[in-house]
Amino acid sequence: MTTKSQTNRQARTYKGTPANIARLSKALARGELVAVPTETVYGLAANALDPKACRAIFKAKGRPTADPLIVHIHAWSQLEALAEPNEAARKLAKAFWPGPLTMVLPKRAIVDDIVTSGLPSVAIRMAGHALFRRLLKASGLPLAAPSANLFGYVSPTTATHVKAGLGARIPHILDGGACRIGLESTIVDLREPSAPRVLRPGAITREQIAEVLGVEVLAGRPKAREGLPQVAPGLLKRHYSPHTPVVLKEQILESDWRGSDRTEAWLLLTKPAKPAPNVFWLDARGDLRAAARALFGMLRSLDSAGYRRIHAELAPGSGLSEAINDRLRRAAAKG
Ligand code: TXA
Ligand code: MG
């Protein structure tokens with residue numbers, strides 16, 4: 001009887017006032033979902049110790065349960081309750097937490113299979129966003145949160161993006177402004193501390209991790225026998241994808257787009273001297289951090305502008321470019 005009004009009900013967006021933080025931490029304790037800001041992308045949070053609430057995350061996102069969630073914490077003691085840390089984890093936490101780094105460690109029994117997709121490991125992140133940290137502290141709960149987008153689509157970097165994708169599927173969105181980093185966290189697998197592996201590149205680079213740990217850091221998709229899930233979105237080839245086809249190029253020159261078909265968009269890193277209406281750029285001066293911050297919002301707006309195709313330029317060099325290019329490649333991958 002009430003089904004229709006329930007499906008049509010839109011999420012409420014909350015400013016980060018103390019009263020709203022108190023209200024939302026109670027909602028989390030009741031098992032409700034809350035979209036939360038982090039410095040990387042917005043997450044869709046639930047009490048990580050409540051399997052039913054965690055199950056609701058998968059349903060709201062349309063995400064297969066074979067895809068494990070990241071658990072967010074505000075204090076090291078919470079990590080110790082959830083996982084078995086090692087020396088490498090301690091060093092990385094000291095260097096980069098709170099921040100855009102997620103560590104994969106052996107899990108403890110308290111973490112339900114729904115969170116880890118049945119894996120014996122758990123992904124943990126201490127995020128650095130002040131408002132999110134206030135909510136984590138107020139609730140006292142570890143919060144499981146994947147990115148707050150429909151499965152497979154571009155991750156949200158504003159509360160408006162969250163509402164566009166999940167507005168009819170979740171009750172609460174905490175608005176913490178635009179995400180400062182704009183790309184999902186670096187995920188580092190520390191189960192074997194002498195052979196750390198970056199499973200997903202992000203703002204904390206492989207070079208930075210290697211410097212802190214003093215060992216070589218592997219990268220890329222692990223082999224099946226290493227026991228990691230093969231169906232994990234951050235590891236899936238096609239992910240973070242707009243509906244419009246994306247075509248990549250090492251470098252886009254003015255001769256590529258000058259006089260080009262106006263139904264196709266060109267996405268450059270830097271502003272060209274004399275742009276055309278179908279030419280866009282991530283940052284006027286090509287600053288990589290600004291480019292990373294702008295990327296997902298730009299892909300979303302080009303996607304809704306109705307272009308037939310988006311030609312995108314890859315970022316040069318390593319470091320943050322690795323993360324930007326990883327997301328561009330996934331956006332461009334076919335199937
Ligand atoms: O920046 C971020 O990491 C954001 C914010 C909200 O924290 N979260 C995020 O979550 O990007 P999500 O679910 O979209 O991506 C999490 C990735 C998935 O690719 C998943 O496979 C991987 O983390 N993951 C989770 N647990 C894992 C585990 N035990 N072993 C290997 N990978 C794991
Ligand atoms: Mg995601």
Side-chain angles (χ1 to χ4, degrees), residues 34-46 48 54 57-58 60-73 82-84 96-108 111-129 132-133 135-136 142-157 161-162 165-166 174 176 179-192 196-204 221-222 226-241 292 296 323 326-327 330-331:
V34 179
V36 294
T38 87
E39 72 275 37
T40 57
V41 300
Y42 274 72
L44 181 58
C54 292
I57 293 178
F58 290 93
K61 277 185 60 105
R63 170 172 172 134
T65 51
D67 252 325
L69 305 175
I70 294 176
V71 179
H72 298 74
I73 57 171
L82 301 163
E84 292 167 26
F96 303 118
W97 275 3
L101 180 73
T102 298
M103 307 197 227
V104 173
L105 290 165
K107 80 170 188 81
R108 295 199 196 276
V111 182
D112 192 90
D113 278 349
I114 186 69
V115 174
T116 65
S117 306
L119 290 172
S121 58
V122 61
I124 301 192
R125 170 169 176 226
M126 191 188 286
H129 194 286
F132 182 34
R133 286 176 63 74
L135 181 63
L136 279 160
L143 297 178
S147 51
N149 50 289
L150 288 169
F151 177 68
Y153 197 61
V154 182
S155 292
T157 52
H161 294 164
V162 177
L166 298 177
L174 175 59
C179 300
R180 184 173 56 80
I181 290 171
L183 299 178
E184 304 86 348
S185 62
T186 306
I187 302 180
V188 62
D189 182 357
L190 295 176
R191 289 172 309 159
E192 187 47 69
R197 178 191 288 272
V198 167
L199 301 177
R200 178 175 71 185
I204 305 290
R221 202 188 168 102
E226 292 175 59
L228 281 168
Q230 291 303 296
V231 211
L235 311 177
L236 274 184
K237 225 177 113 200
R238 182 174 172 81
H239 198 55
Y240 317 110
S241 303
F296 287 160
D326 171 79
R327 303 315 188 271
R330 289 181 213 274

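Read the numbers this way: they start at 1 and go in the same order the structure lists the ligands and their atoms. Everything numeric here is computed off the predicted structure, so don't read it as measured data.
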(message) Does any part of the side chain of L82, heavy atoms only, come nearer than 4.5 Å to the side chain of I73, both counted from C-beta?
(response) yes
(message) On a heavy-atom basis, I'd like to know which of L105, L101, V111, I187 is closest to atom 23 (O) of ligand 1.
(response) I187
(message) Just so I know, are the side chains of H129 and L135 near enough to count as touching, which here means a heavy-atom distance under 4.5 Å?
(response) no
(message) Looking at S147, is its backbone amide N or carbonyl O close enough to the side chain of K61 to form a donor-acceptor pair, meaning the two atoms are under 3.5 Å apart?
(response) yes
(message) Is there a polar contact, in the sense of an N or O pair closer than 3.5 Å, between T40 and ligand 1?
(response) yes
(request) May I ask you to check if any N/O/S atom from S147 comes under 2.8 Å of the Mg ion (ligand 2)? (result) yes
(message) Looking at G176, is its backbone amide N or carbonyl O close enough to the side chain of Y42 to form a donor-acceptor pair, meaning the two atoms are under 3.5 Å apart?
(response) yes
(request) Ignoring angles and geometry beyond distance, decide whether T38 reaches within less than 3.5 Å of ligand 1 through its nitrogen or oxygen atoms. (result) no
(request) Examine E184 against ligand 1 and note whether any of their N/O atoms are separated by less than 3.5 Å. (result) no
(message) Using a 4.0 Å cut-off to any heavy atom of P68, which atoms of ligand 1 qualify?
(response) 20 (C), 21 (O), 24 (N), 25 (C), 26 (N), 27 (C), 33 (C)
(message) Do T102 and T186 have side chains that approach each other closer than 4.5 Å (heavy atoms only, starting at C-beta)?
(response) no
(message) Between T40 and C179, is there a side-chain heavy-atom distance shorter than 4.5 Å?
(response) no
(message) Is R63 close enough to touch ligand 1? Criterion: a residue heavy atom under 4.0 Å from a ligand atom.
(response) yes
(message) Tell me whether ligand 1 is touched by V41 - counting only heavy atoms on the residue side and a distance under 4.0 Å.
(response) yes
(request) For G43, take its heavy atoms, then give the atoms of ligand 1 lying under 4.0 Å from any of them. (result) 6 (C)
(request) May I ask you to test the E184-S155 pair for a side-chain heavy-atom distance under 4.5 Å? (result) yes
(request) Run the numbers for me: atoms of ligand 1, each under 4.0 Å from some heavy atom of L119, listed by number. (result) 28 (C), 29 (N), 30 (N)
(request) Would you mind listing which atoms of ligand 1 come within a distance below 4.0 Å of any non-hydrogen atom of I70? (result) 3 (O), 8 (N), 9 (C), 10 (O), 16 (C), 23 (O)
(message) Can you check which of R125, H129, E39 brings a heavy atom nearest to atom 5 (C) of ligand 1?
(response) R125
(request) Kindly indicate whether the side chain of R327, heavy atoms from C-beta on, has any atom under 4.5 Å from the side chain of L183. (result) yes
(message) Could you tell me, atom by atom, which parts of ligand 1 come under 4.0 Å of a heavy atom of L69?
(response) 25 (C), 26 (N)
(message) Test your reading of the model: is there a side-chain donor-acceptor pair from S185 to the backbone of L101, 3.5 Å cut-off?
(response) no
(message) As an exercise, identify every atom of ligand 1 less than 4.0 angstrom from a heavy atom of H72.
(response) 5 (C), 6 (C), 7 (O)
(request) Heavy-atom contacts with S121 under 4.0 Å: which atoms of ligand 1 show up? List them by number with element. (result) 28 (C), 29 (N), 30 (N)
(message) Quick check on the 6.0 Å ring-centre criterion: do F132 and H72 meet it?
(response) yes
(request) State, with a plain yes or no, whether a side-chain heavy atom of V188 is found less than 4.5 Å away from one of V104. (result) no
(message) What I want to know is whether K61 and ligand 1 share at least one N or O pair that is separated by under 3.5 angstrom.
(response) no
(message) Tell me the contacting part of K107 for ligand 1: side chain, backbone, both, or neither, using a 4.0 Å heavy-atom threshold, strictly below.
(response) neither
